Amino acid sequence: MNAEKYKQVLQEIKPFHAQLIAVSKTKPVEDILEVYQAGQRLFGENKVQEMILKHEALPKDIQWHLIGHLQTNKVKIIAPFVSMIHSVDSFKLLQEINKQAEKNNRIIDCLLQIFVADEETKFGLSEEELFALLSSAEFSKLKNIRICGLMGMATNTDDENKIANEFSHLKKIFEEVKQKYFNNESSFKELSMGMSSDYKIALQHGATFIRVGSIIFGER
Ligand SMILES: *Cc1c(COP(=O)(O)O)cnc(C)c1O
């Protein structure tokens, strides 16, 4: 049962004061409604089209978090309603989010995705790219985006030490960025890390958002 697993996860994260994003990608609206009725309001999707359809079909007080790679040409279709974009991995994308947010007369909350894992296939900024982006004059001109923190994924491995090292590395980058660029901005406070296989490790290393799918909704 979806709702029971959901409540279990909520109990586990309670001591950590983190927020749960229920990752509902590939799952039907009935499954989402079950978890919604148990109280969940934050849902994560990795595909724009799917998020649009679910946004249309489901209650409007759901906060939709985009967690997957986003192409610039698709920003405009989610800009009117998306709650947060976790997967910002280039300045070009950030510029487009800013432009579409402006058109919709809103500010869109974003996280910068940082690459901390081993796999070459994963998206995200390197530390060097991150600091270059935040230091650039063009960045400071963007008024319709709000950088709320960082997001990252650990290497897909059974080696818990390795995962812990990657999360603690990301936490360290977060603290550095906070101090250097967002010291007076209380909205820079989120660290989105941890999925079904590694959220317990992520919580121990300072995650404020965990993105959990298969434990709640079952295998995809
Ligand atoms: C699918 C996905 C998750 C959730 O994965 P589970 O293993 O099902 O918990 C988390 N983050 C991202 C970026 C994802 O694409």
Side-chain angles (χ1 to χ4, degrees), residues 1-13 16 18-29 31-32 34-36 38 40-54 62-71 74-75 78 82-90 93 97 109-125 148-160 162-164 166-167 170-171 174 190-220:
M1 241 261 287
N2 295 331
E4 266 165 37
K5 297 273 175 47
Y6 162 68
K7 285 183 177 157
Q8 254 173 39
V9 176
L10 271 194
Q11 281 308 316
E12 279 170 6
I13 72 172
F16 295 95
Q19 293 194 80
L20 170 67
I21 297 178
V23 177
S24 47
K25 62 190 187 197
T26 78
K27 298 297 176 182
V29 293
D31 290 18
I32 300 176
E34 193 180 337
V35 177
Y36 174 88
Q40 181 68 10
R41 292 296 178 270
L42 276 57
F43 289 87
E45 290 285 336
N46 69 336
K47 294 211 169 86
V48 163
Q49 272 324 327
E50 198 173 333
M51 182 185 275
I52 301 270
L53 293 174
K54 289 173 176 173
I62 287 183
Q63 296 169 36
W64 291 104
H65 288 240
L66 190 82
I67 60 170
H69 183 63
L70 176 59
Q71 290 173 290
K74 295 200 173 146
V75 173
I78 55 166
V82 71
S83 176
M84 185 179 274
I85 299 173
H86 288 231
S87 42
V88 177
D89 58 1
S90 73
L93 178 58
I97 296 168
D109 287 342
C110 295
L111 304 179
L112 297 171
Q113 183 173 355
I114 313 303
F115 180 85
V116 289
D118 263 356
E119 291 117 315
E120 306 236 326
T121 53
K122 290 208 170 137
F123 293 104
L125 298 159
C148 297
L150 306 180
M151 181 270 223
M153 289 166 89
T155 302
N156 184 10
T157 172
D158 291 336
D159 183 349
E160 296 200 351
K162 184 172 175 57
I163 295 169
E166 290 171 353
F167 285 151
L170 184 57
K171 168 76 170 170
F174 171 86
E190 308 295 359
L191 192 50
S192 168
M193 58 187 195
M195 347 205 311
S196 290
S197 57
D198 56 17
Y199 71 91
K200 289 177 190 164
I201 307 173
L203 288 168
Q204 279 158 2
H205 290 87
T208 66
F209 280 128
I210 56 167
R211 310 176 308 268
V212 175
S214 43
I215 283 193
I216 297 169
F217 293 103
E219 292 299 324
R220 286 178 297 271

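First listed ligand is number 1; within each ligand, the first listed atom is number 1. Note: hydrogens, waters and symmetry copies are ignored here, and every other heavy atom, side chains too, is used. Note that this is a predicted model, so its numbers are computed, not measured.
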Does the pair Ser87 and Gln113 meet the rule for a side-chain hydrogen bond (donor to acceptor under 3.5 Å, both in side chains), with working shown? CA-CA 5 Å; Ser87 42; Gln113 183 173 355; 4.8 Å; no
Output, in order, the C-alpha distance, side-chain angles, deciding distance and verdict of side chain to side chain contact (heavy atoms under 4.5 Å, CB included) for His65 and Phe43. CA-CA 6 Å; His65 288 240; Phe43 289 87; over 6 Å; no
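Of the protein's non-hydrogen atoms, Ser214 OG, 3.5 Å is the one closest to atom 7 (O) of ligand 1. Regarding atom 11 (N) of ligand 1, its nearest protein heavy-atom neighbour is Arg211 NE, 2.9 Å. In this structure, the protein non-hydrogen atom closest to atom 13 (C) of ligand 1 is Ile67 O, 3.5 Å. The protein heavy-atom contact nearest to atom 5 (O) of ligand 1 is Met195 CE, 3.6 Å. Among all protein heavy atoms, the one lying closest to atom 2 (C) of ligand 1 is Lys25 NZ, 2.6 Å.
In plain terms, the two heavy atoms of Met193 and His205 that are nearest each other are CE-O, 3.2 Å. For the residue pair Trp64 and Ile32, the shortest heavy atom distance occurs at CH2-CD1, 4.4 Å.
Applying the 4.0 Å criterion to heavy atoms of Val212 picks out, from ligand 1, the atoms 9 (O). Those atoms of ligand 1 that come under 4.0 Å of a heavy atom in Ser196, given as number and element, are 6 (P), 7 (O), 8 (O), 9 (O).
At a threshold of 4.5 Å between non-hydrogen side-chain atoms, the residues Lys162 and Asp118 count as touching.
Here the straight-line distance linking atom CD1 of Ile78 with atom CD1 of Ile85 works out to 4.5 Å at 0.5 Å rounding.
Below 3.5 Å of separation, one finds an N or O of Gly213 facing an N or O of ligand 1.
By the 30° and 60° cut-offs, the orientation of the rings of His86 relative to Phe209 is tilted.
Between Arg220 and ligand 1 there is a heavy-atom distance shorter than 4.0 Å.
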